[in-house]
Each structure stands twice: as C-alpha cells, then as structure tokens.
Protein chains: 2
Amino acid sequence: MSNPASTNIVMMNRDRHESPASCHACSRVGRCPAAGRPESLGQTDQPMQKLVKSGKLVIEAEAKFEGIYVVRAGFFKSYTVDTDGSMQVTGFHLPGEFFGMDGIEDGVHKEYVQALDTGSICRLPLEVFCSLNGAAGHEWSTQMTRSLLKLMSSTIRRDRDMFFTLGKTTAKGRLLTFLSDLSRRMGLSGYDPSEFRLCMSRTDIANHLCLALETVSRLFTQLQAEGVLEISGRALRILEPLDATPRKLAAIPDVSARRAVAEPKTA
Amino acid sequence: MSNPASTNIVMMNRDRHESPASCHACSRVGRCPAAGRPESLGQTDQPMQKLVKSGKLVIEAEAKFEGIYVVRAGFFKSYTVDTDGSMQVTGFHLPGEFFGMDGIEDGVHKEYVQALDTGSICRLPLEVFCSLNGAAGHEWSTQMTRSLLKLMSSTIRRDRDMFFTLGKTTAKGRLLTFLSDLSRRMGLSGYDPSEFRLCMSRTDIANHLCLALETVSRLFTQLQAEGVLEISGRALRILEPLDATPRKLAAIPDVSARRAVAEPKTA
DNA sequence: CGTCGCCTTGATGGATCTCAATAATAGTGG
DNA sequence: CCACTATTATTGAGATCCATCAAGGCGACG
C-alpha cells in the first residue's frame with residue numbers, strides 16, 4: 001500500500017510529505033471524481049497524495065481549506081469541538097470515501113479529521129474540478145462539477161440518515177444501524193462485510209452514537225449472547241443480518257397532503 | 001408577501017402555479033445564489049416562483065429533482081419516511097433558506113418538504129448556476145458554482161451541528177439548542193429573534209429532536225417557570241440567553257496530536 | 001355546540017447514564 | 001524477552017431521566 005518509490009519525486013517540499021498523486025496507479029480511480037481530469041493542470045492544481053501516521057490530524061478546525069480529501073488507505077474519523085471543549089464524532093471515513101467538504105463554505109474547516117491508523121490520503125484542490133478553458137481562466141467543467149455536487153449531495157443525504165440512527169431507535173437499534181452501515185461500507189471498500197476489524201474505539205463509537213461507552217460495551221456483549229455477532233476486542237464477525245427495531249417517537253399522523261389545512265393567521 | 005399581480009404572467013402553465021421569478025423585486029436577492037445570473041437564459045433555465053398553500057407538499061420522496069428551492073415567505077419542514085413508515089423531521093426552513101439539495105446525487109429526492117403555512121418559494125434549476133458559454137453548451141460559471149458549493153457546504157455543516165443538538169445534551173439541552181438556533185435564524189430572516197411565533201407543532205419539534213411530545217411540552221412549562229422564556233401556544237418570547245448545559249458523553253481525551261501513536265499492525 | 005386537533009399535566013416503569021472496580025490489551029523501556 | 005504502565009474494554013449496582021399510558025383542557029372550525 002505504501003509506495004515509497006513514487007514519493008521520491010518530492011517536489012520542493014511545498015507541503016510536508018505531500019507528493020503529486022499518481023492517479024493511474026490508484027486503485028480508487030474508478031470512484032474518484034478527480035479521475036479523468038485534464039493532465040495539463042498546473043502544479044498547484046493537481047491531486048496531492050500524502051502518507052499519514054496513526055493518530056495524526058489531517059485537518060484541524062480553523063485551518064484553511066485547501067481541497068477535499070479522498071481516503072486511499074486507512075481509516076479516519078472526523079469530529080467537532082464545541083466552545084465548552086466537548087467533542088462530537090461526526091463520522092468515520094473508509095478507503096474510497098471523502099472528507100473535508102465542510103471547509104468549502106467560508107474557506108475554513110470546522111471539523112478535525114484524525115487518522116485512526118496509518119494510511120494515505122489524496123488531497124483534491126477545488127481546481128482539480130476545473131478544466132483549463134481558453135484565456136478566460138478556470139471554468140468549471142460540467143462533468144467535474146456535477147460529480148462534486150453529487151459527492152456533497154450524498155454527504156448531505158448520509159448525514160440525514162444519521163438523524164434516523166441517532167433518534168428513532170434505542171441504544172441497541174443505534175448500534176445495529178451503525179454496524180449495518182459500517183458493514184456495507186466496508187464491503188464497498190473491498191473488505192469482507194461480514195468479518196472485519198473495527199477501526200475505532202468503543203469510546204469513538206459511543207460518542208458518535210451519543211451513548212455512554214459502557215452501554216456500547218454491554219450491547220456488544222448482549223448481541224454476542226444473542227448470537228447476532230461475535231466480537232473479540234475489535235475483531236467483529238456478523239452472524240445474522242443486522243436489523244434495528246425502531247422505537248416509535250412522536251409520529252407524524254398522515255401526510256398525504258390531501259388535506260391542505262386552512263391558512264393560520266400567521267401573516 | 002403574496003403578490004398576485006406578478007403571477008398573472010403565467011406561462012402556458014407548464015407546472016402548477018409556477019411563474020418566472022422576478023428577482024429584481026425579491027427581498028432575498030442579496031442572499032440568493034441565483035442573483036446576478038445572466039438574463040439571457042432560456043425559459044427552462046430560469047428561477048421559477050410558486051405560491052404554496054399551508055400543508056402542501058413541495059417535494060415528495062421519489063420525485064424527480066428539478067432544482068433547489070429557496071424560501072421567499074412562509075415556513076417549511078422536511079422529513080424522511082423510513083421503510084417501516086416511521087418519520088423523521090430533518091429540518092425546518094425559514095425565509096431566505098434553501099432546501100432540496102438531497103436530490104442532486106441521483107436526480108431523485110429522498111425527503112418530503114411540506115409547507116407549514118402559506119408561503120412562496122423559488123425553484124432554482126441547476127442550470128441557473130450555469131452561464132451560457134459559446135457553442136460548447138452549458139459551462140458552469142466559477143462564481144455560480146462556488147455559491148452553490150458553499151450552499152451545500154453550509155448545509156453539511158449545519159447538519160453536523162445537529163449531531164451536537166441530538167447527542168451531547170439532555171432533553172432540556174436539546175430543546176434549548178434548538179430554540180437558540182431557531183432564534184438566530186429567525187433574526188436572519190428578519191424577525192425579532194427574542195419574540196416570534198413557532199412555526200411548527202410540538203409534535204414536529206419532538207420528532208425533530210427525537211423526544212416525546214410530552215417531554216417537549218413539559219420542558220416549555222419548566223423553562224417558563226424558570227423565567228427563561230414565556231410561551232403561550234406557539235407564541236414565544238425569550239427572556240434569557242438560551243444556554244444548553246451539556247451532558248458529558250464519552251469524551252475524547254486529548255487530541256493535540258502531539259503524540260503520534262506508533263503504527264498498529266493493521267496493515 | 002359538538003367535534004377534532006393540539007397541548008398540558010400526572011403517574012409509572014424501564015432504559016441508560018453515572019460511579020466504581022476489575023480485566024484485558026497494547027505500548028514502553030530495561 | 002519480560003516486566004511495567006497506560007490505555008482500552010468489561011462488568012456490576014444504583015440513580016435518574018424520559019418514554020409511555022392515560023385523562024383532561026383549550027382553541028378552532030363547522
């Protein structure tokens with residue numbers, strides 16, 4: 001996975017440990033929005049790959065936005081820190097997945113992204129999504145932009161799915177939904193979806209699901225007793241399809257919009 | 001707010017009640033990403049405004065994506081429906097805010113968006129964010145695309161803030177955070193942030209915050225007893241700055257990344 | 001004036017957070 | 001290579017918050 005040979009071509013180390021990405025040698029090229037870009041880009045415009053050691057921060061809050069990232073290898077977590085110092089794990093990122101899109105808005109990141117183990121990432125400056133277009137300067141190519149938009153749209157969608165996970169289920173349901181989603185994504189990343197190693201600690205899982213870590217630990221034990229899964233440390237084997245039984249909460253009656261309620265006098 | 005005069009110019013009613021938007025007369029033009037677009041767009045490419053009656057669905061799940069929407073007047077809620085029929089209110093939309101970005105990914109919406117009272121919206125086809133560029137067809141103008149990207153980036157960011165609201169606090173903290181955010185946004189929309197009318201039912205609030213509606217009702221009563229706010233029906237007056245006292249949950253120890261942990265043997 | 005939707009209030013039980021102690025694992029250094 | 005230490009994970013007991021069930025009030029509307 002680590003390919004020191006290609007990192008020999010270190011440009012006048014403009015950024016620590018970054019080197020131009022070799023897309024043609026990347027196994028993720030099929031799913032990468034940067035693939036298929038014109039090769040004629042300037043040096044500040046091309047994808048840059050970087051090796052990251054376990055525990056290292058890839059993005060810090062307040063840091064300047066310099067592009068979105070795609071995971072080539074390894075696992076990452078992103079989290080925000082509130083003014084009072086409390087943290088919230090907002091997501092995990094598997095090989096082939098993206099992060100860093102929160103910084104586009106105002107050019108400054110709000111989330112931290114940290115490597116959960118040693119891996120490598122590819123930084124895609126927004127200019128990667130442009131194509132050089134005559135003398136008029138950079139124009140956004142329709143196809144590139146669309147893929148970027150889709151990327152962000154899918155992120156929005158996934159985040160909203162998380163509302164379901166966080167809200168509509170019991171602690172057990174939350175964990176099952178989380179594991180089910182993780183399993184699916186592990187499969188997409190090329191792992192065996194029914195048997196893999198959890199890349200994050202119980203603490204991270206608990207924080208992400210807004211549970212106490214003891215609850216997570218107990219649930220693992222319980223699910224193992226029920227024969228749903230086997231877990232030893234972080235090694236996980238899924239034995240039965242994970243299906244969360246939701247808790248019903250403040251159901252919205254009926255929404256067929258058949259009944260357009262008369263306008264309240266809120267002007 | 002409703003301006004029937006302008007709706008007289010109904011084009012051969014290609015869509016129910018839609019008419020070309022008159023941006024120059026729109027009070028939101030300063031914050032709208034469609035503002036400043038070339039006027040030379042074709043008829044299918046321009047913003048379309050629409051009056052919406054209370055209770056009406058603006059977007060249905062499975063519906064084809066036809067653009068993102070900006071609220072001109074009124075209030076809206078969006079929600080998803082799970083396979084088992086359970087619902088989750090994913091957000092509320094105030095005047096000047098946007099919705100519908102979940103449909104960009106695959107051209108199909110996943111959320112429902114419903115009018116909470118009578119209002120009006122503006123539909124912005126993605127083509128609005130293009131500029132006609134010679135014979136090559138539609139090219140995305142850098143500025144337009146950037147504003148769209150920022151829009152989506154801010155949506156991602158706000159959604160992630162919601163994780164905080166949902167997770168790190170008690171029921172009371174959740175409600176306070178929600179009200180605080182709502183107050184701020186009401187201010188941005190031109191209302192008095194310390195005294196406004198809740199546009200949604202207790203049921204919607206409870207669902208959005210993943211609480212029982214009785215809990216929400218009790219909390220309002222309690223907060224009023226504490227002198228934090230006054231509430232009568234949906235009329236709300238905020239007396240003290242709303243500050244949520246978080247419940248500490250699976251705190252992440254220290255993250256200064258000062259200590260780059262040695263690489264585990266997960267290859 | 002009766003119905004319906006929305007909101008409030010009370011009583012109760014259960015899920016899960018907290019505190020606390022122990023066990024297992026991984027990293028460190030001799 | 002082994003002991004030492006720090007981190008991470010498990011398990012237990014008690015307390016508490018909040019969902020649930022149930023009843024009633026209030027306002028809107030026909």
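Sequence lines set the chain letters: A, B, ... in the order given, protein chains first and strands last, and positions in each chain run from 1.
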Separation of B:E214 atom CD from C:dA11 atom C1', in whole Å?
-> 12 Å
If only side-chain N and O atoms of A:R234 are considered, is one of them under 4.0 Å from the OP1 or OP2 phosphate oxygen of C:dA26?
-> no
The side chain of B:T203 lies closest to which of these nucleotides: C:dC19, C:dC7, D:dT10?
-> C:dC7
Between atom CG in A:L213 and atom C1' in D:dT7, what is the gap in whole Å?
-> 12 Å
Between CG of B:L219 and P of C:dC7 the distance, given in whole Å, is 15 Å
Consider the side chain of A:R202, meaning its heavy atoms from C-beta on, and name the nucleotide among C:dT8, D:dC18, D:dA9 that approaches it most closely.
-> D:dA9
Report the distance from atom CG of A:L211 to atom C1' of D:dC17, rounded to the nearest whole Å.
-> 15 Å
Would you mind telling me which of B:H208, B:K110, B:E111 makes a side chain to side chain donor-acceptor pair (under 3.5 Å) with B:T90?
-> B:E111
Base, sugar-phosphate, or nothing: which does B:S201 touch, judged by heavy atoms less than 4.0 Å apart?
-> sugar-phosphate
Whole angstrom is fine here: how far is it from CZ in A:F220 over to P in D:dA9?
-> 9 Å
salt_bridge(A:R160, B:D102) N-O dist < 4.0 Å = no
Pairing of A:R184 and A:D181 as salt bridge, 4.0 angstrom limit | yes
Which whole-number value in Å describes the distance from B:N207 CG to C:dC7 P?
-> 13 Å
Is B:R218 side chain donor-acceptor paired with the C:dG10 base, going by distance under 3.5 Å alone?
-> yes
Separation of D:dT8 P from A:M200 CE (nearest whole Å) = 14 Å
Out of C:dT16, D:dT10, D:dA22, whichever nucleotide has its closest atom nearest the side chain of A:S217 = D:dT10
Once you round it to whole Å, what is the distance between P of C:dT8 and CG of B:L223?
-> 12 Å
B:V113 and B:Y69, any side-chain heavy atoms less than 4.5 Å apart | no
Reckon B:T215 has a side-chain N or O less than 4.0 Å from the OP1 or OP2 of D:dC17?
-> no
Find out whether A:C210 and B:F163 are in side-chain contact, i.e. whether some heavy atom of one side chain is under 4.5 Å from a heavy atom of the other.
-> no
